[in-house]
Amino acid sequence: MLFKKAPDIPSSEITPQHLYLNRRNFLAGAAIAGTAAATGVGLRELVSPSTTVFAGNKIDGIKKSAFSTTETVTPYKDVTNYNNYYEFSVEKTEPATLAKNFRTRPWKVTVDGLVAKKQQLDIDTILKMAPPEERIYRHRCVEGWSIVVPWVGFSLSELIKRANPLGKAQFVEFTTILDMTQMPGQRRQVLDWPYVEGLRMDEAMHPLALLCFGMYGEDLPNQDGAPLRIVVPWKYGFKSAKAIVRIRFTEKQPVNTWNISAPREYGFYSNVNPTVDHPRWSQAKERRLGEFFKRPTLMFNGYGDQVASLYNGMDLRKNF
Ligand code: MTE
């Protein structure tokens, strides 16, 4: 993706992912071996799969969802160590470490704009609104990599129904927390902070749109958007805003952060569409993390049967 100060060439585009990960593992191993030698601590105690992974608490009572894909789930270590989270860093391997101490409690979400009654909801109240479901979704980043993730959450519509939006509300806007004391990336003007994303109301009410607070049966790791994020599986990953603190209902289309940053490159809709290239690269194929060969990208990321009708009559080249 592009950001204000310097062009971003995704590492995944330069080095095949598996080589890249192997190299990273090698470097991590070398660093750990160095530390072990220097401190006298045995290597076996230091090298463990949890070295860079922050496991959450198990979530009870998770239901399986009929919306899940049966495709192979991407390993946890890849999904939690290769993140786009510019509030922490523009380097994909860094949020795992930099977000380690990010505070996700107490956490309030403001629900305002065109609603019958403005509210401030506590995260733990939100989490009890509906039973947690596991949704195994494909997740396609606009940069050309993809993952398959067993998210935990429930349909965003559950919260929207309770928010009681007014009839004239046409869009929903999501805003990420603004806190540069905790998020070092916000000290740099790489994006217009806070991170804002939006959906049209019918998109947000679609049963596939997920209000997400967990993955792999556990609380969401900080680097993946704890304590609350959106997941919109038929759209490019940047629509899925992390660490949200505000949900606002509007009549006008929200102005999303990536659209401000590069309007020619990132639109409002951002539906996964292999026939519409990004101005700087093709969107026809993607590389699943951990795989060598690219695979074809599917229209609406493979969710066309469910969501294509939302866009009947729209020119998806113009509304990219
Ligand atoms: N949300 C916030 N607040 N900040 C970000 O930088 N990056 C987006 C999206 N949500 C981003 C964000 C992009 S570009 C992608 S691809 C996904 O998060 C990555 O989600 P993941 O790290 O859980 O795979």
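Every number for a ligand or one of its atoms is a count from 1 in the order of the listing. Note that the structure is a prediction, hence the values are computed from the model and not measured. Below, each value reflects all heavy atoms present in this structure, side chains not excepted, and no hydrogens, waters or symmetry copies.
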- Message: Please confirm whether I244 approaches ligand 1 to less than 4.0 Å, judged on its heavy atoms.
- Response: no
- Mind checking whether E87 has an N or O less than 3.5 Å away from an N or O of ligand 1? yes
- Query: Is W151 close to ligand 1, meaning an N/O of one under 3.5 Å from an N/O of the other?
  - Reply: no
- So, is Y86 polar-close to ligand 1, with some N/O to N/O distance under 3.5 Å? yes
- Message: Less than 4.5 Å apart, side chain to side chain, heavy atoms only: is that true for R140 and K235?
- Response: no
- In this structure, atom 7 (N) of ligand 1 is nearest to the protein heavy atom N84 O, 3.2 Å
- Specify the closest pair of heavy atoms between F249 and A163, including all atoms of both residues, with the distance to one decimal. CE1-CB, 3.8 Å
- Query: Within a radius of less than 6.0 Å around CZ of R103, do more than 12 heavy atoms belonging to other residues, nucleotides or ligands occur?
  - Reply: no
- Task: Kindly confirm or rule out an N or O of N83 lying under 3.5 angstrom from an N or O of ligand 1.
- Result: yes
- Message: Any atom of ligand 1 sitting under 4.0 Å from a heavy atom of H139?
- Response: yes
- Can G225 be said to touch ligand 1, with heavy atoms closer than 4.0 Å? no
- Looking only at protein heavy atoms, what sits closest to atom 10 (N) of ligand 1 is S240 O, 2.8 Å
- Centroid-centroid under 6.0 Å between W258 and Y266 rings: yes
- Task: Consider only side-chain N and O atoms of K92 and N84, and report whether a donor and an acceptor are under 3.5 Å apart.
- Result: yes
- Task: Under 4.0 Å, heavy atoms only, figure out whether ligand 1 is touched by the backbone of E197, its side chain, both or neither.
- Result: neither
- Task: Tell me whether the centres of the aromatic rings in F171 and F268 are closer together than 6.0 Å.
- Result: yes
- Message: Return the closest protein heavy atom for atom 17 (C) of ligand 1 as residue, atom name and distance.
- Response: G237 O, 3.6 Å
